[in-house]
Amino acid sequence: MKKFFSLILLIIIVVGMIYTIHQIPFGKNQSKIGKYFVANGKDETGAANIVTSVVVGYRSFDTLGEVTVLFLAAIGLGAILTTTKKQNHDIEKASLILNTGCRFLFPLVLLFSAYIFIHGHLSPGGGFQGGAVVASGFLLIYLACPGKRINKVGNTISESVGGLIFIILGAIGLFVGDRYFLANFLPKGELNTLFSAGIIPIIYIALGFKVGSELNSVIDKMMEES
Amino acid sequence: MDFLYNYIYYIGAFGLILIGLYILLVKHNLIKMIIGLSILETGVNLFIITLGYLDNGTAPIFSKENLESNMMVDPVPQALVLTAIVIGLAVLALALSLAIRLYDSFKTLNLKKIKEQKW
Amino acid sequence: MAKSSVKNESSVKNFLYLFIFMMLIWLALTSSLHWQELIVGCVVSIVITFFLNSNYQPLGLPSLNLIKIFYIFIYLIVLFIEIVKANFDVAYRVLHPKMPIKPGVVIIKTSLRQDIAKLILANSITLTPGTFTLDIKKDKLLIHWIYVRSENIEDSTKLIGARFEKYLGKIFS
Amino acid sequence: MTILIVFAIIIVLGMFFSFLRMLIGPTASDRAVAVDTITTTTVALLVLLAFIFERYVYLDVSLVYALLAFVGLVALARYLERGI
Amino acid sequence: MGIVGMIITGIGVLFLLLGNFGILRLPDVYNRIQAGTKCTTFGAFFTIVGIGILEPNWFWKCLLIAAFVLITNPISSHAIARASKIIGVLLCDKSVIDKTEEFKNEKGV
Amino acid sequence: MIIVITLLVLMMLASAITACIMKDLISAVIAACVVSLIAAVLFFLLHAPDVAMAEASIGAALVTAVFIIAIKRTKRHEE
Amino acid sequence: MKEITYINPVLLIAVPLALAFIIPILKFVWEKSIKWIPVAGFLFDLIVSITLIPIVLQKNIIVKIGGTTTPFSINLVVGPAGLLLSIMISLAGFLVAIYALKYIQEGDKTKYHILFMLLLTGAIGVVLTGDIFNLFVFFEVLCISSYALVGYLGNRAGIESSIKYLIQGSIGSSLLLVGIGLIYGQYGTLNMADLAAQIKTADSISLFVPMFFMITGLGIEAAIFPLNSWLPDAHSSAPSSISAVLSGIAIEVGLYAMMRILFTIFAAESFMGFLLFLGVITLLIGEMSAFSQNNIKRMLAYSSIGQIGLIVFAFSIATASGLSGGFFQMISHTLNKALLFLATGFMIYRTGSMEISSFRGLGKKMPLTALFFTIGTFSIIGLPPFVGFASKFLIFKAALAKQELLFIILIAVIILTTVIEGAYFFRIIQTLYFKESDDKSSKQESAITALIPMFIFALLILILGIYPNWIMKFIHSAASELLNKMSYLRSVLG
């Protein structure tokens, strides 16, 4: 019975959406604000990657909210999992090959993540992707070497400081130049060089640290045993 | 072929959305439902990205000389989806932690068998 | 006192190895020699090396010299030839209508000591014809062989591992 | 250029074989092996596509892809051998 | 240069197809891993390097990606194979020898 | 190119359905991982490399790992 | 004209966020100060919001963030309606934070304070923003912190209800996102005012579908009738201070977002008749279910559903006076429900049980708490001279002004529900005062930090009940801002 009703509901949704889709032809549709960003984005923000200039420039307030959401997830996970029973069982150790391989790859992964979030304004990537790569590097170590854990204090500090840098940079914008929150007050530099686009690379580096340590603490809390 | 070109991404996105919703509405196992949630989110993201596509377009990155702005795909949906993916991850992690707690307290993941609270 | 100075020297050496390695990877990643990229690459490499140097020491990186680099090249060529052979081998087995396979699990021995040498040996075995590493314990490797030619340890070792160990032993001496 | 697109189609056909193994594979290990192969194949596909689109910057994606599929598979393997 | 690159890419693509076909055709997990590690690694390596030759500016990055695949793929295959050995996935009936028990009695890591 | 896209979409939908019907949760998670992996390729084909990167790193690796950890701490089979 | 200087309203969001990010570091340095951080943050917000009132009454404040001209970057629109809600949120946040100084003893207190702060910051973001995707993001902040807070105590009921809430809430937010996508695909913009300028009528189906998705998504958070099965569980199993905020703020914020979308973007007049019925059904269902409860927190939660139904009814009248009634009812509901939950929290804390029957004789043991509780119940039923009477009276007046038979019937139904409400609340009051307690232990009043916020809430209820005209001007301008689409457009787009 329940299946039947859900199927009917789904069919209604499909019909509605198909009807609406006819208004939005595929591949012909460049929206008004999209056009504006593509045409003016590189001059106004100095970033070669327009997606970055939208994420950290025009719509940076969204990004602030998004970082908050991630922060909340880490905190909420900790609050929920604090009182779980800890299980105790013997763990099969990782084989030597996996262990050595992961330890060999770990610096590489970190270097690569640094590349991703430093070059966020020039090539695809940025704080979130870089942070995710950092977290997966640490995940690799957790998986391959059971018992190794990250320094929690350092992790918390990098998490908080990353967020604070974002907000403080935003607040500086209130007092210089055009006087609005998250204004890009630093010089724009030359397009397609590393030191360009004003505050965007700085924010992305802060975000990389913050996202990396948040995802890291999420994984760490979920894997916590003993 | 024309039909396929115009609608294949929409078919994929709606397919994912529907499968995700179906899992969420019909299944009772909590982890299964969370898998459904992740599929649903992937579908929504694919849908939003599809909205910004432009025929013969290219990515909105001015990394080389001969790129013009009128052949670039819309950057805004990409920015939105970037946000949505991270939010989805946050919800997923929270849901899974709740699932772990649920299993600790009730020794089951089947939501039908849990009747602590009633109307 | 002397001991600590030796240790210092080796740690400095390790630092340099890791730093150069990171820098090379960075250069390949950016594919550019712009001064800004170089500066940032140096900074990032130094930071990563500073934090991870102590973790890297147990891997037993060899102390390099010219002869070893030469052997590394030879090793790479041997490996490449073996990989090409391996592919035609697998292609033959897959495409043959009767699938001529005689799989089995055998044990071989190795004389290598360092972890990273064992890793390279195991990876090479995995990439070469008909064999891959299932497990490793001290000096014994458990090998899955798609067409078993020999069942005792010594012969298997000769057939599977010896051709790599010859060079690896020289590199990691 | 056409021949490259043919290459891409061949690669996707290859992925399809592994995908069938992912669907029918009797044990979880079979599926994991199939996913491993799919990801390696996809890395090649992404590089090929980057060449077809003539964008250098797209190469980063395939690097991330190669790395992260590895992480997921290691997690899976460690679960199967009861390691985490 | 263009033709060389094209041929190398073509060889790579062919082997990718073969490797994936092997995954489908071979009888048990271990034999599948044989196909999966060799053909796909080789195929991916050649495809990527072939692209690098076609566009010389891309060469170093392509080489990096290829090297990365070359390092990680054997490790992950090894991890999966070891896991399936530990949980006791059986060898197929064509197998002639199994020394796992003997290996289990070995000591050390 | 359209053939590539169609095959990919079909594979993605098929693995989503597999994730729906599998009783073994690990298999379902593997299937969901494949959905994410193929979705990343589709994002790439739609010229959204940023999103493809995020989907590959977050959707395929971290989510799979987090799911596996959660299954490890609960129960593998659906009842 | 001389430019008036004011504090930038973006600080209303940025400062609490920064404070929340500082808390984890503060844990290592000076742990005792953590619980005062939310108090300070919301005091700041309250003061800033109040200083903005005279400016906002003249014209809306448009705050640019990180961009250039209006439709291309995100902006905050601080109008009377948004400011009114933001004042309510920071007031409730401030008082509940004071209450929580003593009340929160279990679990990880640091994390509680962070989650609490971010919950209300998300709410402020939702009411102030002028961009639909930004609304979605802050909505997620609000939702995720409430999921975590409902499961915060870690008992069986809390975990179960948190899971239900999470699953339904995430379906809702996915639907909201699909709706936003459809809107963006058709109109190519995300700014609310720009959208409103392009959308003339909501008649075509291609517009109705995204509207349906967005309303369903927001309706789950606002707990409108078919979508409210999560609410009683979630609100009754959270800690009492959180229940107060969830009941008093979270669902109202969801409702406000929904009304903002309906009135400003879509201008969907024809949809209002449908909502009218939904509101009355929600009201009926909520009050009837509340009548049969023995658990006091569940009873209060169901009563919240009923009140939400009443507010939806008031908004759906879609006249200026109806909207004023809706806003006034929002204020009164926030004050009443917060007061009731706060008083109940300490009553449960002392007796150790949520059953109504175990509250016998508490009127003598905890005279002040019981007195505040009584004030709250009288106000929520709608007895003069409390604020509940004024707001309900306003709604009735607005409905009667329509002069249609339908409205008269609906009003009769609402009066019936008021009687039901009265019946179950008087049952509690009877239990409190006129039944003898079993044990004869001495007086055990609530902690002083709990009594102060309760006292302030009670005082506000009384003052606003006697002199509703003090805020009437503000409420009227809020209502006209929400109703008058053109003036909103003009203020944003210039």
Side-chain angles (χ1 to χ4, degrees), chain A residues 48-52 87 89-95 97-99 101-106 108-113 115-126 128-148 192 215 219-220 222-226, chain D residues 1-2 4-5 8-9 11-12 15 18 22 25 27-84:
Chain A
N49 186 347
I50 304 296
V51 178
T52 298
Q87 306 167 329
H89 59 90
D90 23 318
I91 291 172
E92 176 79 35
K93 286 192 84 174
S95 78
I97 296 175
L98 186 61
N99 188 317
C102 290
R103 267 158 57 207
F104 172 73
L105 286 174
F106 183 57
L108 242 154
V109 174
L110 286 193
L111 184 81
F112 184 43
S113 74
Y115 168 77
I116 290 178
F117 60 70
I118 289 172
H119 284 76
H121 56 298
L122 304 177
S123 64
F128 302 107
Q129 293 93 335
V133 175
V134 173
S136 33
F138 279 100
L139 175 64
L140 215 53
I141 289 293
Y142 295 159
L143 289 171
C145 326
K148 276 208 174 173
N192 258 322
L215 292 177
I219 292 167
D220 186 53
M222 289 206 62
M223 288 184 76
E224 210 162 53
E225 305 201 42
S226 80
Chain D
M1 196 46 74
T2 327
L4 286 175
I5 291 178
I9 293 172
I11 289 181
V12 176
M15 270 170 80
S18 292
M22 206 280 291
T27 61
S29 316
D30 285 296
R31 294 174 212 279
V33 174
V35 173
D36 185 10
T37 315
I38 288 179
T39 50
T40 315
T41 316
T42 313
V43 173
L45 178 68
L46 287 181
V47 175
L48 194 62
L49 287 174
F51 185 72
I52 292 174
F53 292 146
E54 294 175 348
R55 297 303 301 269
Y56 174 70
V57 287
Y58 286 14
L59 282 183
D60 288 355
V61 182
S62 54
L63 204 43
V64 172
Y65 206 90
L67 167 67
L68 292 151
F70 174 66
V71 175
L73 283 167
V74 170
L76 197 61
R78 289 291 284 156
Y79 168 78
L80 288 176
E81 64 182 27
R82 299 188 183 81
I84 46 173

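Chain letters run A, B, ... following the sequence lines, proteins first and then strands; every chain starts at 1.
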Side-chain donor-acceptor pairs under 3.5 Å in residues 134-142 of chain A, sequence neighbours left out?
{"residue": "A/Ser136", "atom": "OG", "partner": "A/Ala132", "partner atom": "O", "Å": "2.8"}
{"residue": "A/Ser136", "atom": "OG", "partner": "A/Val133", "partner atom": "O", "Å": "3.0"}
{"residue": "A/Tyr142", "atom": "OH", "partner": "A/Asn216", "partner atom": "OD1", "Å": "3.0"}

Please enumerate all residues that pass ring pair (Phe, Tyr, Trp, His ring centres under 6.0 Å) together with D/Phe70, with sequence neighbours excluded. none
Per-residue contact mode, A/Leu122 against chain D (heavy atom under 4.5 angstrom): backbone
Would you name the heavy atoms of A/Tyr115 and A/Ser123 that are closest together and state the gap between them? OH-OG, 4.4 Å
Hey, could you give me each pair passing salt bridge (charged side-chain N to carboxylate O under 4.0 Å, His left out) that has a residue in residues 129-146 of chain A? Not counting sequence neighbours. none
Could you name the residues of residues 31-62 of chain D that have a heavy atom within less than 4.5 Å of a heavy atom in chain A? D/Val57, D/Asp60
So which heavy atom on A/Asn49 is nearest to which on A/Pro124, and how close? ND2-CA, 3.8 Å
Separation between CG (A/Leu108) and SG (A/Cys102), nearest 0.5 Å, reads 12.0 Å
